[in-house]
Amino acid sequence: MTVPSDPIYDRYWQRKRLLAGSLPRFPTVRWWETDGLSPAERVIFAALRDAASVLDVGAGDLRIQHKLEDAGFHGTYHTQDVGDEFNYTYADLADVERTYDVILCLDVLEHLSLRRGLTMLVRLCDLLTPKGTIVIQTPNARCVRHPLAWDMTHLHVYNAHDLWAYLTTLGMDVRGYRVVLGRPPRGPVSALRFAASAFLITRLIGADYADNLLLVARRASGLPGLE
């Protein structure tokens, strides 16, 4: 009898070796509510702009679909969500029988336990075309405003390097950002206050002021640069 693999401990020491080596930087990018694309949403759009097909996992109220299509995406856009308030292409990932050039997984992982979240990532990789890309957005576990306090449905949060290492061991090339919510500070006084609070949070407390993570993970067989 074959013992089922556990996604939490699969390639555990391979991930540890990655984390003990040279770690990538995750610069900041901003998001704010806007009718157009915020800087963070422009990163998402750049990842799928030329794709023929997209699967939006956890499509929610379909806002991001409408924004990306308004920005110029004209490929096939399919959706998956467990909710029943909107019309989705799929109710369950198990129903998906085709592959996609880009898969979006925005604000989903934090609603799953660690085991279910990592199992989902493996499934999403299986649903990619040979040069496919996964775009993940999820709260930043290091944020000083702890993500588990934002929403009672949040079950698990991730730090950037653990998520980077996990996706890397799945054969993905991963680049990404830490997402700061809100517009940039206006004027020198506001900028100075922000810089001082960022220094206090990162250097003295050892936490982070960026609320979310945004990762773009491409299959290692074909890796155009992240724009």
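FYI, the numbering just counts along the sequence from 1. Bear in mind that the values here come from a model prediction, so they are computed numbers and not experimental data.
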| field | Steps toward side-chain contact (heavy atoms from CB on, under 4.5 Å) verdict (Leu104, Val102) | value | CA-CA 7 Å; Leu104 303 182; Val102 175; 4.0 Å; yes
| task | Return yes if some donor-acceptor pair links the side-chain N/O of His146 with the main-chain N/O of Ala141 below 3.5 Å, else return no. | result | no
| Of the non-hydrogen atoms in Leu18 and Ala165, which two are nearest, and what is the gap between them? | CD1-O, 3.9 Å
Do any side-chain atoms of residues 191-206 form donor-acceptor pairs under 3.5 angstrom with protein atoms, and if so which ones, sequence neighbours left out?
unit_1, atom_1, unit_2, atom_2, d
Ser197, OG, Arg193, O, 3.3
Ser197, OG, Phe194, O, 2.9
Thr202, OG1, Ala198, O, 2.7

| field | Pairs touching residues 62-85 that satisfy salt bridge (charged side-chain N to carboxylate O under 4.0 Å, His left out), sequence neighbours left out | value | Glu33-Arg63, Glu41-Lys67, Asp61-Arg63
| How far apart are the C-alpha atoms of Trp31 and Val180, what are their side-chain angles, what is the distance that settles it, and do they pass the side-chain contact (heavy atoms from CB on, under 4.5 Å) test? | CA-CA 6 Å; Trp31 178 94; Val180 179; over 6 Å; no
| Tyr100 side chain to Thr76 backbone, donor-acceptor under 3.5 Å | no
| Does Arg11 make a cation-pi contact with Tyr166 (under 6.0 Å, within 45 degrees of the axis)? | yes
Tell me which donor-acceptor pairs under 3.5 Å the side chains of residues 52-59 have, and how far apart each pair is, sequence neighbours excluded?
unit_1, atom_1, unit_2, atom_2, d
Ser53, OG, Arg98, NH2, 3.3
Ser53, OG, Asp101, N, 3.1
Asp56, OD2, Tyr77, OH, 2.7

| said: Please check: side-chain N/O of Arg218 versus main-chain N/O of Asp173, any donor-acceptor pairing under 3.5 Å? | reply: no
| task | Using the salt bridge (charged side-chain N to carboxylate O under 4.0 Å, His left out) rule, collect all pairs that involve residues 142-155, keeping only residues at least two apart or in two chains. | result | Arg145-Asp211
| task | Of all the heavy-atom pairs spanning Pro184 and Trp32, show the shortest one and how long it is. | result | CD-CZ3, 3.7 Å
| field | Residues Thr133, Val216; criterion side-chain contact (heavy atoms from CB on, under 4.5 Å); working and verdict | value | CA-CA 7 Å; Thr133 298; Val216 179; 3.6 Å; yes
| message | Given 3.5 Å as the limit, does a donor-acceptor pair link the side chain of Arg178 with the main chain of Leu214, or not? | response | no
| said: In this structure, would Tyr177 and Val144 fall into the same cluster of hydrophobic residues linked by side-chain contacts under 4.5 Å? | reply: no
| message | Regarding Asp208 and Asn140, do their side chains bring together a donor and an acceptor under 3.5 Å, going by distance alone? | response | yes
| query | Considering only heavy atoms from C-beta outward, does the side chain of Val179 approach that of Leu213 to under 4.5 Å? | reply | no
| Heavy atoms of other groups near Asn87 CG, more than 12 under 6.0 Å | no
| Polar side-chain atom of Ser190 near backbone of Pro185 as donor-acceptor pair, under 3.5 Å | no
| Judged by atom type as modelled, is there a donor-acceptor pair below 3.5 Å linking the side chain of Asp92 to the main-chain atoms of Asp95? | no
| task | Mark yes or no for whether Arg219, through its side chain, and Cys125, through its backbone, hold a donor-acceptor pair below 3.5 Å. | result | yes
| Between Arg30 and Gly182, is there a donor-acceptor pair closer than 3.5 Å when you use the side chain of the first and the backbone of the second? | yes
Report all side-chain donor-acceptor pairs from residues 115-124 shorter than 3.5 Å, counting only partners two or more places apart or in another chain.
unit_1, atom_1, unit_2, atom_2, d
Arg115, NE, Asp6, OD1, 3.3
Arg115, NH2, Asp6, OD2, 2.8
Thr119, OG1, Arg115, O, 2.8
Arg123, NH2, Leu93, O, 2.9
Arg123, NH2, Val96, O, 2.9

| task | Apply ring pair (Phe, Tyr, Trp, His ring centres under 6.0 Å) to Phe26 and His161, showing your working. | result | CA-CA 9 Å; Phe26 291 86; His161 288 126; 5.3 Å; yes
| field | Sequence neighbours excluded - side chain to side chain donor-acceptor pair (under 3.5 Å) pairs with any residue from residues 102-114 | value | Asp107-Gln137, Glu110-Thr138, His111-Thr153
| Hydrophobic cluster membership, Tyr90 vs Ile134, 4.5 Å side-chain cutoff | yes
